[in-house]
Chemist: 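This is the structure, below, for whatever I ask next.
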Amino acid sequence: MDQRYIVNARFVTQHLTGIQRYCYELTQVLGKGSLISPGPVAEDYPRLKGRVRVMGGCLAGHPWEQIALPCSIGRGDALLSPAGCGPISHSNQVVVIHDVAVLENREWYSRAYSLLYRRLLPTLSSRVRRIVTVSEFCKSRIIELLCVPEEKITVAWEASSSCFFPRTEEEISRTAARLGVRRPYFLAIGAVSPRKNFQRLLAAWTRTEQSAEGVSLIVVGKEGLRFSGEASLGAVPTSVRHLGEVNDEDLARLYSGAEGLLFPSLYEGFGLPILEAMASGCPVLTSNCSAMPEIAGDAAILVDPLSEEAIADGIDRLAQPRLAAELKARGRHRYQRFSWARTAEITERALLN
């Protein structure tokens, strides 16, 4: 494929979190894309420094994306919008839709965010040339909720970053001491929002043998997301510690030192922490709904996220050394099925063919 294309890189002006992480990993391996954004590259994206052109004058955010971006490129230019949104006026476009949770559960989001995306997504999906999504589950929901023909949708799984791999005991201990983390501990990952199901997880945690025996639960994730319908984690049990955000290196070491990842989310378009944990040698508990069984396969304990009893029982099962070792081994094989190079190949093919 000798054709080139333009990448809507508005994400490089934003903080690095879930969807932005996907965009960062993908654009590092895309071969032919020219990245443009409304502003300079944030410090979160060091490997994209020097690759992004700033275009579009004084506009930023959605106004830049809807007005300045299409005016800055040719009408026939192929455009890739990897962050779930793009200019509705540019039809020669592939947009990556990561999930349609805002159409299914508006109460999980702020009123402004919900209103915007409930209007924008149907229009955008009908006008773009093709949609790439991150799981078969997402594909099925896009077909049903946005009435998009199946042949217009391509599935390209995500993958874990190369920084996630099993760390040495020395690295784990040093990081735990610096962060004030007492071992043994379980790990929970996710920005605080209703769909991450932290309230049921915390209630389930207090019912487990682990909590009674002095094992800690370490929660990693940002509070106060402006688009979320839930601002903070609130009061937590004494055996729970909320670290907030940590960098990737610390997160990889926390995964490697954990007794297991607890990820009973209510809804995920993909569920990247599942793969990050598996790649780091951490056994996984996750939910039996949305995309999570598709990603975890047989390498995780699957529970009903609506049941505190099921979550608690799953945590106690995950604490059993023999089962944990078996899940670690399965996880090592499972995560190797996912590759950013493969994701980029599928995405470029959808864009250029």
Side-chain angles (χ1 to χ4, degrees), residues 8 10-11 14-26 62 65 80-86 93-126 128 130-148 150 152-160 189-198 221-222 225-230 263-276 286-296 302 305-306 338 343 346-347 350:
N8 172 3
R10 179 165 76 94
F11 69 90
Q14 302 165 343
H15 184 61
L16 183 64
T17 184
I19 289 178
Q20 289 78 12
R21 180 180 297 281
Y22 164 93
C23 297
Y24 187 31
E25 294 292 341
L26 178 66
H62 286 292
E65 190 168 60
L80 173 64
S81 292
C85 188
Q93 178 181 186
V94 168
V95 64
V96 181
I97 296 181
H98 298 264
D99 64 56
V100 287
V102 71
L103 302 180
E104 306 209 57
N105 295 278
R106 70 177 70 185
E107 68 275 9
W108 292 347
Y109 302 91
S110 68
R111 176 176 170 80
Y113 183 93
S114 177
L115 284 173
L116 172 64
Y117 278 89
R118 291 176 72 87
R119 293 181 179 180
L120 190 149
L121 281 177
T123 303
L124 182 64
S125 62
S126 68
V128 297
R130 194 157 195 86
I131 292 170
V132 169
T133 194
V134 295
S135 64
E136 292 292 342
F137 165 75
C138 271
K139 177 180 176 179
S140 68
R141 302 311 293 150
I142 290 168
I143 291 170
E144 180 170 341
L145 296 176
L146 294 174
C147 301
V148 176
E150 181 176 4
K152 188 177 176 176
I153 307 172
T154 296
V155 173
W157 279 344
E158 301 179 29
S160 64
I189 303 290
V192 177
S193 72
R195 76 171 181 169
K196 297 302 180 182
N197 205 26
F198 281 119
K222 184 178 182 180
L225 295 181
R226 59 183 177 82
F227 62 81
S228 174
E230 186 173 275
F263 193 65
S265 176
L266 295 175
Y267 185 105
E268 294 293 323
F270 186 84
L272 194 52
I274 295 169
L275 290 190
E276 293 174 347
T286 191
S287 301
N288 62 2
C289 61
S290 66
M292 289 168 278
E294 178 184 340
I295 306 311
L302 301 180
L306 297 175
F338 302 79
T343 304
I346 294 171
T347 303

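Heavy-atom basis, side chains included; hydrogens, waters and symmetry copies ignored. Fair warning: this is a prediction, and the values are worked out from it, not measured in the lab.
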Chemist: Compare all side-chain heavy atoms of V95 with those of N8 and state whether any distance is below 4.5 angstrom.
Modeler: no
Chemist: Got a sec, which residues hit salt bridge (Lys or Arg N to Asp or Glu O under 4.0 Å) with E158, two or more places apart in sequence or on another chain?
Modeler: none
Chemist: Any sub-3.5 Å donor-acceptor pair from K152's side-chain atoms to V128's backbone N or O?
Modeler: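 A pair under 3.5 Å: yes.
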Chemist: What's the shortest heavy-atom distance between L275 and F338, and which atoms?
Modeler: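 So the minimum-distance heavy-atom pair works out to CD1-CG, 3.5 Å.
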Chemist: Tell me, please, which residues at least two apart from E136 pass salt bridge (Lys or Arg N to Asp or Glu O under 4.0 Å).
Modeler: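 Partners of E136 under the salt bridge (Lys or Arg N to Asp or Glu O under 4.0 Å) test: none.
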Chemist: Could you give me the CA-CA distance, side-chain angles and deciding distance for I346 and V132, then say whether side-chain contact (heavy atoms from CB on, under 4.5 Å) is met?
Modeler: CA-CA 9 Å; I346 294 171; V132 169; 5.9 Å; no
Chemist: Between Y117 and L124, does the side-chain contact (heavy atoms from CB on, under 4.5 Å) criterion hold? Intermediate values first, please.
Modeler: CA-CA 10 Å; Y117 278 89; L124 182 64; over 6 Å; no
Chemist: State, yes or no, whether a side-chain contact exists between C138 and I97 at a heavy-atom distance under 4.5 Å.
Modeler: no
Chemist: Do side-chain atoms of N197 reach the backbone of P305 as a donor and acceptor pair under 3.5 angstrom?
Modeler: yes
Chemist: Rounded to the nearest 0.5 Å, what separation is found between the CG atom of L266 and the CG atom of N105?
Modeler: 8.0 Å
Chemist: Considering only heavy atoms from C-beta outward, does the side chain of S81 approach that of Q93 to under 4.5 Å?
Modeler: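 Yes. Closest side-chain heavy atoms under 4.5 Å.
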Chemist: Ignoring hydrogens and geometry, is there a side-chain-to-backbone donor-acceptor pair from S135 to G269 under 3.5 Å?
Modeler: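 Yes; judged by distance alone, with no hydrogens or angles, the pair exists.
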Chemist: Would you find more than 12 non-hydrogen atoms of other residues, nucleotides or ligands less than 6.0 Å from R21 atom CZ?
Modeler: yes
Chemist: Could you go step by step and tell me if D99 and V134 meet the side-chain contact (heavy atoms from CB on, under 4.5 Å) rule?
Modeler: CA-CA 8 Å; D99 64 56; V134 295; over 6 Å; no
Chemist: By the definition side-chain contact (heavy atoms from CB on, under 4.5 Å), identify the one residue from F270, F263, Y267, F137 that meets it with M292.
Modeler: F263
Chemist: Looking at E268 and K196, is any side-chain nitrogen of the basic one under 4.0 Å from a carboxylate oxygen of the acidic one?
Modeler: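 Counted as a salt bridge, because a side-chain N and a carboxylate O are separated by less than 4.0 Å.
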Chemist: Which residues pass the side-chain hydrogen bond (donor to acceptor under 3.5 Å, both in side chains) test with E294, sequence neighbours left out?
Modeler: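 Only W157 meet the side-chain hydrogen bond (donor to acceptor under 3.5 Å, both in side chains) criterion with E294.
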Chemist: Kindly indicate whether the side chain of L272, heavy atoms from C-beta on, has any atom under 4.5 Å from the side chain of E25.
Modeler: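 No, too far: nothing below the 4.5 Å cut-off.
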Chemist: Under 3.5 Å, side chain of S287 to main-chain N/O of S265, donor-acceptor pair present?
Modeler: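 Side chain of S287 to backbone of S265, a donor-acceptor pair under 3.5 Å: yes, one is there.
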Chemist: State, with a plain yes or no, whether a side-chain heavy atom of L120 is found less than 4.5 Å away from one of C85.
Modeler: yes
